[in-house]
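Scroll down for the structure; my scribbles are underneath it.
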Protein chains: 2
Amino acid sequence: MAESAKSGDQRLTKGAILQAALNIVDTDGVDALSMRKLAGQLGVNPMSIYHHVENKAALLDGLTRLVTDGARHIAVGEGTWQEQLRNLAYEFRSLSLAHRNLIRYAFASDDFIQRDGPMWRTLCTVLRTAGLPESEVERTGAVLAVLVGGLLHTEVNGTMRRLIGSGQADDAGFALAVQLLIDGVAARV
Amino acid sequence: MAESAKSGDQRLTKGAILQAALNIVDTDGVDALSMRKLAGQLGVNPMSIYHHVENKAALLDGLTRLVTDGARHIAVGEGTWQEQLRNLAYEFRSLSLAHRNLIRYAFASDDFIQRDGPMWRTLCTVLRTAGLPESEVERTGAVLAVLVGGLLHTEVNGTMRRLIGSGQADDAGFALAVQLLIDGVAARV
DNA sequence: ACCTGAACACCGTTCAAGT
DNA sequence: ACCTGAACACCGTTCAAGT
């Protein structure tokens, strides 16, 4: 189990570091990630890591970027703006659920939702095709991004499941929330 | 500045511990709170604290409960259900903004939004008077609680201000979001 | 009952020294 | 250029000893 990824390449690379770190975070959470444990996992001196990564914060940043790069290829479909909005929300969701522990950490930081990121731009485009006045597009986009983000944050940390006592709590809660938001937008076009 | 709260009472009390801890969190953030620094602030041996508080996690829990106890006295007014919902949201907001650093931490935990807490109960009551079918009250309540919570989380951590580049970004964003949610609920009654 | 000092098992990070 | 060991300045927490 330990001493992974050390067979062919004796050189330590940033990619290997990120991969091992993501592994720890995915299985044991962000709190379980320490430079020392990560080094142990890589079979390397703890200080070697600092030659490829500035510090622990930068490492976590790199992890977040690695995982959210999947957002660069979002297809929103050709349906109505309601369907496009729903698709976008579900894209955001599956991206978040793929690495729950990391995303839970990322939401706590203050720069997770990126202005002018691919997701943001798509969202604004959809709102424009919905017929929202240009002066309201950005503000509404920000609010929607933040609301869906918060929604996913509570799904990922288990709050949603706790509040709704049912089996399909997360799916049902997310679907209801998205529908509610779409209705809210519809009232403003 | 240091050695505060040690004049009359030589006995260490849980109340004094919580107060000093809240002070540190309010001014320097949750990460700046350590048992050792807290003890220094109280002019006491770090280990003395453990006679009044089980551990650091319990201390932070106590802090959260201390601050959110204000929710016990929420008045929602006599207006329409829309006005009541808006009032409730703004009560939640002022409670959150009073201790930004602590609330920022609390949102990251998985048990901040309490089912059957005073806020939850009020929310469900308002939804019933709005005419929402009983079978949907709890689920809708959960979703609204979670959405407003996420909204406040991003206001408190600065995301909202960053996404909307204006001066009154937080106020405008919150108002818009709440109106959008109310419209969403209106579409379901 | 309450307080304390020493100690344990950890952290992130710096820095000088090695190859 | 990359790696490493020792060291610094911190953590939370346990435990035996004091009053």
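Just so we're on the same page: letters track the sequence lines, and every chain starts at 1. None of the values given here were measured: they were computed from a predicted structure. Heavy-atom basis, side chains included; hydrogens, waters and symmetry copies ignored.
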Nearest-angstrom distance from the residue atom [atom1] of [X] to [atom2] of [N]:
X	N	atom1	atom2	result
M35(B)	dT14(D)	CE	P	10 Å
M47(B)	dA1(C)	CE	P	21 Å
N45(B)	dC15(D)	CG	P	17 Å
R36(A)	dA6(D)	CZ	P	13 Å
L33(A)	dT13(C)	CG	P	11 Å
I17(A)	dC2(D)	CD1	C1'	12 Å
L38(B)	dC11(D)	CG	P	11 Å

When you compare dA9(C) with dC10(D), how far apart are their P atoms, in angstrom units rounded to a whole number?
22 Å
For dC11(C) and dC8(D), measure between their C1' atoms and round to the nearest Å.
12 Å
Should the ring pair F92(B) and F107(B) be called parallel, tilted or perpendicular, given that the plane angle runs from 0 to 90° and is split at 30 and 60?
tilted
Where does the angle between the aromatic ring planes of F174(B) and Y90(B) fall among parallel (under 30°), tilted (30 to 60°) and perpendicular (over 60°)?
perpendicular
Represent DNA chain C in dot-bracket notation, 5' to 3'. Only Watson-Crick or G-U wobble pairs with both distances under 3.5 Å count; pseudoknot-style crossings use [ ] and interstrand partners use |.
||.|||||...|||||.||
Heavy atoms, side chains only, cut-off 4.5 Å: are [X] and [Y] in contact?
X	Y	result
L97(B)	D170(B)	no
M119(A)	Q114(A)	no
V148(B)	L152(B)	yes
L176(A)	R188(B)	yes

Of the candidates dG12(D), dC11(C), dC3(D), the side chain of L12(A) sits closest to dC3(D)
With the threshold set at under 4.0 Å for non-hydrogen atoms, list the residues of residues 49-65 of chain B touching DNA chain C in residue-number order.
H51(B), H52(B)
Does a salt bridge link E138(B) with R115(B), judged by any charged N lying under 4.0 Å from a carboxylate O?
yes
Are any of the side-chain nitrogens in R93(B) or E155(B) under 4.0 Å away from the carboxylate oxygens of its partner?
yes
Using a cut-off of strictly less than 4.0 Å, decide whether S48(A) has a side-chain nitrogen or oxygen near OP1 or OP2 of dC2(D).
no
Summary of side-chain hydrogen bond (donor to acceptor under 3.5 Å, both in side chains) pairs that have at least one residue in residues 16-33 of chain A, sequence neighbours excluded:
D26(A)-H99(A)
